[in-house]
Protein chains: 2
Amino acid sequence: MRYSVGHKQETRERLLQSSATQAKNNGFSTVGVDALMKAIGLSGGAFYTHFTSKDELFGSIVERELSQSLERLGGEGRQNQAKLRRCLKQYLSVAHLQQPGAGCALPALGAEIARGSVEVRQEAQDWICRLHQAWAQTLGSESLAWSILSQCVGALVVARMLVSPSIQQQVLASSHEQIIGQLEGLPED
Amino acid sequence: MRYSVGHKQETRERLLQSSATQAKNNGFSTVGVDALMKAIGLSGGAFYTHFTSKDELFGSIVERELSQSLERLGGEGRQNQAKLRRCLKQYLSVAHLQQPGAGCALPALGAEIARGSVEVRQEAQDWICRLHQAWAQTLGSESLAWSILSQCVGALVVARMLVSPSIQQQVLASSHEQIIGQLEGLPED
DNA sequence: GTCTATAAAGCGATAGAC
DNA sequence: GTCTATCGCTTTATAGAC
């Protein structure tokens, strides 16, 4: 073997990162294996030393993306309402709206995950429920946690369909405002 | 011409209806022209007498679907809060969750619309803003109207990714509960 | 208006050389 | 581990017969 032992793992990691970005930007089913590999400077044939099929890659992307989202959104360690507020502001920002490839996978790939295999959906459910539990703990309400999560995802889906930047911003700002309002008068954790 | 004058229009309508259902169920980019035509009992070649391209069909689907959603969700005529509550209950129902093909296009095709042409997105924006205006009138708040719209779309996107029916129902019920709570204490229209 | 046939390109996946 | 070449299938779109 002419390649170092860590090389395959590194290549796999680069492939996962690059593919996730492309999938969130242009849709996973839309982009071909050849384009995925070309983006990291490799040929299409080399793909199958890292994954047995394109579907397997999709599963790994979902796993990797949602675990990252969980980290960013406060699944790790103890959380307070102030930290949650900062996460919400970032999630509902114009920067997140304009850069699907660098953002959360739920608004960008939600519909494709829903049409995916049971394994992929189970993987997604695990991470989503972990995030929900963390938020429910912070908020003291399981119902409110689900509601806010849905609203965040929906706001990005809706806003990204629009053409006018000012209306896009209204959609994001409205959800942010309404959520902040719901956080007022909540018992401190 | 051996066909009646209304025949082409009828065929076009059947094609639009059938294609919209397939697109919402399995994704628009995923399904091929041949499958779209076969579903209404015609061959793939006949497609291009009705639309010049597959993209043009997508635009017509979005137009038709969103105009129907606007009707169902209360864009037509005057509306009151009681009627809006009934719409919300239906939108956030398990039946809607389980039948994407018969339901609203926003959760099912939102990401694909976002990646679509400016024309398609402009069309989507027009209908979405009309719905928003109707709801804002009923609710007396533009911000609350955007927030509820985002939450409805997001709840379906999130719930449809999950595997467990009971958690799916929790997601829908949570958004419904939180929205109803926000409607309490609102001035009557 | 719809059919069959076909062109031209792209897809996912495999085989063998290096 | 990656490359090139290729198989077999599907895709969007067009051409010509009926």
Side-chain angles (χ1 to χ4, degrees), chain A residues 1-62 109 112-113 115-117 119-120, chain B residues 1-62 109 112-113 115-117 119-120:
Chain A
M1 160 183 316
R2 316 200 309 271
Y3 296 86
S4 70
V5 285
H7 184 65
K8 180 167 182 178
Q9 202 173 359
E10 282 174 25
T11 305
R12 187 190 148 104
E13 187 58 24
R14 276 197 306 141
L15 176 56
L16 274 172
Q17 152 65 29
S18 171
S19 300
T21 303
Q22 282 188 79
K24 289 186 285 183
N25 276 331
N26 307 318
F28 179 75
S29 63
T30 303
V31 58
V33 171
D34 221 63
L36 292 175
M37 296 300 288
K38 195 174 182 180
I40 59 168
L42 297 180
S43 72
F47 174 83
Y48 295 91
T49 60
H50 299 281
F51 297 95
T52 66
S53 72
K54 201 191 169 198
D55 273 350
E56 190 188 298
L57 169 66
F58 186 59
S60 296
I61 287 177
V62 169
L109 300 177
E112 284 186 283
I113 293 173
R115 293 180 205 114
S117 69
E119 289 79 22
V120 168
Chain B
M1 150 180 335
R2 318 199 308 271
Y3 296 85
S4 70
V5 285
H7 182 67
K8 180 168 182 176
Q9 203 173 359
E10 284 174 23
T11 303
R12 186 191 148 103
E13 187 60 24
R14 277 197 305 139
L15 176 56
L16 273 173
Q17 152 64 31
S18 172
S19 300
T21 302
Q22 284 189 78
K24 289 185 286 183
N25 277 330
N26 307 319
F28 179 75
S29 64
T30 303
V31 57
V33 170
D34 220 65
L36 292 175
M37 296 301 286
K38 195 174 182 179
I40 60 170
L42 297 179
S43 71
F47 174 85
Y48 296 92
T49 61
H50 299 281
F51 297 94
T52 66
S53 72
K54 203 192 166 195
D55 274 350
E56 190 188 299
L57 169 67
F58 188 59
S60 296
I61 287 178
V62 169
L109 300 178
E112 283 187 284
I113 294 172
R115 293 180 206 115
S117 68
E119 290 78 20
V120 167

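As the structure is a computational prediction, the values presented were derived from the model and not from experiment. Every chain is numbered from 1 and lettered A, B, ... according to where its sequence line falls, protein lines coming before strand lines.
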Side-chain donor/acceptor of B:E112 to backbone N/O of B:G27, under 3.5 Å:
no

Does atom CD (B:E13) have a neighbourhood of more than 12 heavy atoms from anything else shown, all under 6.0 Å?
yes

So which of A:L57, A:L42, A:D34 actually passes side chain to side chain contact (heavy atoms under 4.5 Å, CB included) with A:F47?
A:L57

Could you list all N or O pairs between the protein and nucleotides 8-12 of chain C that sit under 3.5 Å apart?
| unit_1 | atom_1 | unit_2 | atom_2 | d |
| --- | --- | --- | --- | --- |
| C:dG12 | OP1 | A:K54 | NZ | 2.8 |
| C:dG12 | OP2 | A:V33 | N | 2.7 |

Protein-nucleotide distance (A:M37, atom CE; D:dG1, atom C1'), rounded to Å:
10 Å

How long is the span from the CG atom in B:L15 to the NZ atom in B:K8, to the nearest 0.5 Å?
11.5 Å

Indicate yes or no for a side-chain donor-acceptor contact from A:E119 to the backbone of A:G59 under 3.5 Å, with no hydrogens or angles considered.
no

Without decimals, in angstroms, what is the distance between A:F47 CZ and C:dA13 P?
7 Å

Can you check the B:K38 NZ to D:dT11 C1' distance for me, whole Å?
15 Å

Considering only C:dG1, D:dC3, D:dT2, which nucleotide approaches the side chain of A:S43 most closely?
D:dC3

Within residues 6-18 of chain A, residues whose heavy atoms come under 4.0 Å of DNA chain D
A:H7, A:K8, A:T11

Measure the distance from CG on B:L57 to P on D:dT12 and round it to the nearest whole Å.
11 Å

Whole-Å gap separating P (C:dG1) and OH (B:Y3)
9 Å

Between atom CG in B:L42 and atom P in C:dT4, what is the gap in whole Å?
11 Å

Would you give the length of the straight line joining atom CD of B:Q22 to atom CD1 of B:I40, rounded to the nearest 0.5 angstrom?
9.5 Å

Can you tell me if B:E56 and B:S60 form a side-chain donor-acceptor pair at under 3.5 Å?
no

Within a strict 4.5 Å, meaning less than it, do heavy atoms of the A:L16 and A:F51 side chains meet?
yes

